[in-house]
Amino acid sequence: MSFWNSLSITTRYSRLPRCFFTYVQPTPLDNSRWLIWNSELAKQFDLPENVHNHSELLDAFSGETVPSVFAPLAMKYAGHQFGSYNPDLGDGRGLLLAEIKDKKGNSFDLHLKGAGLTPYSRSGDGRAVLRSTIREYLCSEAMAGLGIPTTRALGMMTSDTPVFREGYETGALLIRMAETHIRFGHFEHLFYSNLLEELKLLSDKVIEWHFPCCLGEDKPYLAMFNNIVDRTAYMIAQWQAVGFAHGVMNTDNMSIIGQTFDYGPFGFLDDYEPGYICNHSDYQGRYAFNQQPRIGLWNLSALAHSLSPLIDKSDLEKALEQYEIKLHDYFSQLMRKKLGLFSKQEGDSRLFESMFELLSQGAVDYTRFMRALSYLDSQDKQTVIDLFVDRDAATLWVNLYLTRCKLEADSSDMRCSKMRKVNPKYILRNYLAQQAIVKANEGDFSDVKILSTLLASPFDEHPDFEHYAEFPPEWGKKMEISCSS
Ligand code: AMP
Ligand code: MG
């Protein structure tokens with residue numbers, strides 16, 4: 001039996017009608033070679049932990065040979081980009097190679113990003129550069145380490161193919177995994193093309209594959225939409241709690257199962273700046289950090305519109321009304337955990353609000369602040385107060401917080417030990433990604449590897465790598481990232 005035949009590979013998406021995709025063979029890059037292989041993730045799928053003895057893996061993932069069990073295809077979708085509908089989207093440089101089952105029998109897409117031209121490439125070249133591939137690899141694994149729903153990265157390859165962006169860069173490939181690559185934009189494509197039978201079929205498949213719990217419901221399509229609302233609210237609450245800005249929340253970048261998807265010009269907050277815009281091309285701040293909850297609703301409303309042939313308008317409206325309530329609840333729960341305040345007490349909202357006000361006024365590093373709070377069992381409160389310029393205001397708040405902590409059942413060391421499990425020490429600051437990219441472009445991948453290890457366990461201490469948890473240098477703060485990738 002061949003290597004690929006021995007694995008549990010399926011091609012269920014390819015059995016959908018042809019308006020859902022086009023078959024496309026990958027176009028290999030010159031001299032593709034492994035830069036990093038995610039052996040931890042590989043284990044879940046019975047894939048080898050070490051790629052070096054397995055030329056089949058490089059051959060298949062670089063597109064040199066397509067195993068007979070694969071059925072590479074470019075998915076068709078559409079989407080609202082910066083508020084305007086664009087019917088002409090689809091996988092312009094990525095291919096769904098096949099699906100693979102993990103040890104528990106759950107199916108995951110094997111998606112190859114940077115695999116060459118497709119019918120949906122428009123004016124693009126079908127490629128991905130090393131810079132953006134490293135950013136996506138590191139960030140998706142960082143999000144997984146933080147426990148935030150996300151697509152995963154199984155590996156990445158570099159090559160000798162030059163790819164032109166603002167200048168020449170190195171062409172690279174990323175193997176992305178997710179339970180599905182179906183986006184809000186898949187539904188929009190079928191709705192706006194008036195393919196209503198196919199819209200129903202897609203909904204049936206999404207329920208069968210991803211929301212089987214909806215099958216027994218009176219209104220399965222509505223139940224599916226309620227689940228999507230819930231997952232989206234949960235994902236965005238997680239972004240807001242950790243300080244993550246996605247940067248391009250177009251509906252074609254919204255996963256139907258509520259995973260963080262399509263990493264482009266994202267950024268983690270350094271100083272707590274609610275209006276932080278990480279995307280250099282986002283002139284209006286549509287996707288600013290503090291706009292994300294609102295945009296989540298906008299995107300869900302666009303999806304609701306596309307589902308209107310299947311679900312009553314009044315039901316859709318009621319489902320959408322739940323979004324803000326759910327997001328608020330999830331966010332409060334997450335912030336309670338971050339602050340170690342589990343019981344609900346009068347004055348808690350004001351304590352939370354005043355914390356955000358202080359952080360924002362003082363432009364205080366969000367991650368360092370939250371982490372410092374989780375050491376108040378062993379460290380003096382001055383370590384927190386010293387993060388602020390206005391120390392009087394900070395002293396007042398910290399005293400209020402410590403008084404409030406006394407109302408908790410947990411002792412302070414118990415509280416702090418729980419807090420250290422939810423307040424990361426290591427996040428993918430933009431400047432860290434940038435430094436790793438500069439080195440990688442010189443052929444030194446050591447920083448990419450160190451970061452991927454640190455970010456897989458961001459709550460743990462890594463004494464030899466303290467400097468990766470330091471404050472960012474001035475040049476590295478508030479970097480705006482170009483959309484070109
Ligand atoms: P993104 O901004 O990466 O979410 O991509 C938006 C659309 O542009 C999608 O249809 C992508 O497949 C397509 N696209 C982005 N970059 C390229 C590229 N270099 N070549 C072809 N298509 C691309
Ligand atoms: Mg995209």
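Below, all heavy atoms of this structure are taken into account, side chains as well, without hydrogens, waters or symmetry copies. In this chain, residues are counted from 1 in sequence order. Just so you know, ligand 1 is whichever comes first in the structure, and atom 1 is the first atom listed for that ligand. Predicted, not measured: the structure shown is a model, and the values here were computed from it.
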Report the nearest protein non-hydrogen atom to [atom]: residue, atom name, distance rounded to 0.1 Å.
atom	answer
atom 8 (O) of ligand 1	R122 NH2, 2.8 Å
atom 19 (N) of ligand 1	D125 OD1, 3.1 Å
atom 12 (O) of ligand 1	G92 N, 2.7 Å

If we set the cut-off at 4.0 Å for heavy atoms, which region of [X] has an atom near ligand 1: side chain, backbone, both, or neither?
X	answer
Y263	neither
K76	neither
R127	backbone

Has ligand 1 got any nitrogen or oxygen that is less than 3.5 angstrom from a nitrogen or oxygen of [X]?
X	result
N253	yes
D91	no
L89	no

Is the closest heavy-atom distance from [X] to ligand 1 below 4.0 Å?
X	value
V248	no
G126	yes
R165	yes

| request: Please work out which of R93, K113, E136, R183 has its closest non-hydrogen atom nearest to atom 14 (N) of ligand 1. | output: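 Checking each option, the heavy atom nearest atom 14 (N) of ligand 1 is found in R93.
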| query | Between A74, G124, G90, which one has a non-hydrogen atom sitting closest to atom 11 (C) of ligand 1? | reply |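 The option holding the nearest heavy atom is G90.
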| query | Short list, please: which atoms of ligand 1 are under 4.0 Å from a heavy atom of S121? | reply |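 Answer, ordered by atom number: 21 (C), 22 (N).
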| message | Under a 4.0 angstrom heavy-atom cut-off, which atoms of ligand 1 come close to D262? | response |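 Within the 4.0 Å cut-off of D262, ligand 1 contributes 4 (O).
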Between [X] and [Y], is the ring centre distance below 6.0 Å?
X	Y	result
Y276	F289	no
H246	F266	no
W4	F61	yes
F261	H181	yes

Testing the 3.5 Å rule here: is there a donor-acceptor pair between the side chains of [X] and [Y]?
X	Y	result
Y137	E141	no
S32	E64	no
N106	E179	no
T260	W239	yes

| message | With rounding to 10 degrees, what does the angle D262:OD2 / the Mg ion (ligand 2) / N253:OD1 come to? | response |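 For OD2 of D262 and OD1 of N253, the angle centred on the Mg ion (ligand 2) reads 80°.
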| Per-atom contact, atom 2 (O) of ligand 1, protein heavy atoms, under 4.0 angstrom |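 Answer no: nothing from the protein, no heavy atom, is under 4.0 Å.
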| Protein non-hydrogen atom below 4.0 angstrom of atom 5 (O) of ligand 1 present |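 It does not: no protein heavy atom is found less than 4.0 Å away from atom 5 (O) of ligand 1.
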| Looking at Y263, does the NZ or CZ of R135 lie under 6.0 angstrom from its six-membered ring centre and within 45 degrees of the ring axis? |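 Here R135 fails the 6.0 Å and 45° test against Y263.
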| query | Regarding R429 and the six-membered ring of F268, is the cationic atom NZ or CZ under 6.0 Å from the ring centre and inside 45° of its axis? | reply |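 No; the conditions do not both hold, so R429 does not lie above the ring face of F268.
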| request: Please determine which of R93, E136, R165 meets the side chain to side chain donor-acceptor pair (under 3.5 Å) test together with S485. | output: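 Going through the options one by one, the only one that passes is R93.
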| query | Is D262 paired with R176 through a side-chain N to carboxylate O contact shorter than 4.0 Å? | reply |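 D262 and R176: salt-bridged.
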